[in-house]
Amino acid sequence: MKKQAVFQDIAEKIAQRVNDGTYVTSQKLPSDYDLAEEFQCSRLTVRKAIDLLISQNILVKERGKGTYVMKQPKIQSGSGGLQSFTETAKAQGKKTRTEVLQVEIVKEVPLKIRQMFADYGNEAMVYLSRLRYFDDEPMTVENLYILKRYLQNESGELPQAQLASSLYEIIEENIEIGYAHQEVEAVISPPDIAKLLHVSEDDPMLLVHSMTYSPSAKPILFDTSFYRADQYTFKNTLIRQK
């Protein structure tokens with residue numbers, strides 16, 4: 001995996017200060033000059049880091065006044081841009097645990113999903129079902145279809161020991177992740193999902209369909225996940241374009 005650019009490292013450090021409370025909601029950040037002095041880099045590099053955090057809805061600029069910390073909810077997906085479940089938890093100071101419920105290499109997949117990966121013909125895919133936890137509390141059940149080429153190691157095998165960790169880390173050894181399209185709907189929990197997530201069968205759930213692509217629009221994985229609506233939220237912040 002290629003090394004991150006300097007501005008990305010600085011952005012991560014600033015984001016960590018937001019997450020640990022060093023920089024609080026509505027606080028004005030130090031000037032570009034002061035941050036450049038602290039991080040021993042150019043002001044251009046600082047500005048690139050700031051711009052990245054603005055695009056991730058962590059910071060916001062007020063014209064003529066400076067850069068401020070945006071209000072951050074406790075548990076949300078989407079506030080830091082496209083992140084894995086593990087990255088979202090880490091950014092919010094939570095620990096994760098994963099149980100692999102099923103893993104299988106498949107060639108026959110539902111027609112709708114095969115159409116999404118039409119350019120790859122009948123190439124082998126991996127079906128992976130996982131139960132994910134935040135701080136030992138069950139949070140989501142993931143059902144994923146991933147092209148095997150993007151999940152396998154150099155010998156062509158699936159890294160079984162890593163399937164209970166961040167899939168993004170495995171995938172990005174083979175292809176860069178660019179963006180995802182998501183659809184979120186409210187549903188009543190199916191009995192089997194309710195049992196796994198320790199909720200009642202009539203409790204509302206968030207059903208999320210996600211298609212993840214490389215920067216050049218190559219499909220990588222399709223994800224259908226159930227999230228506990230009482231604990232998890234998806235948030236998009238709309239920034240007014242000047």
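The figures that follow rest on heavy atoms only: side chains count, while hydrogens, waters and symmetry mates do not.
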For residues 117-128, which residue pairs qualify under side chain to side chain donor-acceptor pair (under 3.5 Å), counting only residues two or more places apart or in two chains? Y120-Y150, E123-R149, Y127-N143

side-chain contact (heavy atoms from CB on, under 4.5 Å) assessment of L29 paired with V69: CA-CA 7 Å; L29 260 64; V69 177; 3.7 Å; yes

Quick one: do L53 and V18 satisfy side-chain contact (heavy atoms from CB on, under 4.5 Å)? Show the steps, please. CA-CA 11 Å; L53 294 173; V18 173; over 6 Å; no

Exam field: side chain S214 to backbone S216, donor-acceptor pair closer than 3.5 Å: yes

Taking side chain to side chain donor-acceptor pair (under 3.5 Å) as the definition, give me every residue that meets it alongside T67, ordered by chain and number, with sequence neighbours left out. none

V187 and E185: CA distance, side-chain angles, deciding distance, side-chain contact (heavy atoms from CB on, under 4.5 Å) verdict: CA-CA 6 Å; V187 298; E185 59 180 308; 4.0 Å; yes

Do the side chain of K65 and the main chain of K28 share a donor and acceptor less than 3.5 angstrom apart? no

Has S31 got a side-chain atom pairing as donor or acceptor with D34's backbone, closer than 3.5 angstrom? yes

Keeping to residues at least two apart or across chains, list the salt bridge (charged side-chain N to carboxylate O under 4.0 Å, His left out) pairs with something in residues 52-61. none

Hey, what's the ring geometry for Y213 with H181, parallel, tilted or perpendicular (30° and 60° as the breaks)? perpendicular

Salt bridge (Lys or Arg N to Asp or Glu O under 4.0 Å) partners for K112, two or more places apart: none

Residue pairs passing the salt bridge (charged side-chain N to carboxylate O under 4.0 Å, His left out) test with at least one member in residues 207-233, sequence neighbours excluded, are E137-R228, R228-D230

Under 3.5 Å donor-acceptor, R130 side chain and V103 backbone: no

F117 and M211: CA distance, side-chain angles, deciding distance, side-chain contact (heavy atoms from CB on, under 4.5 Å) verdict: CA-CA 10 Å; F117 295 87; M211 188 69 188; 3.4 Å; yes

For R43 and A36, the nearest pair of non-hydrogen atoms, with its separation, is CG-CB, 3.9 Å

Results of side chain to side chain contact (heavy atoms under 4.5 Å, CB included) for E104 - residues two or more places apart only: Q102, V106

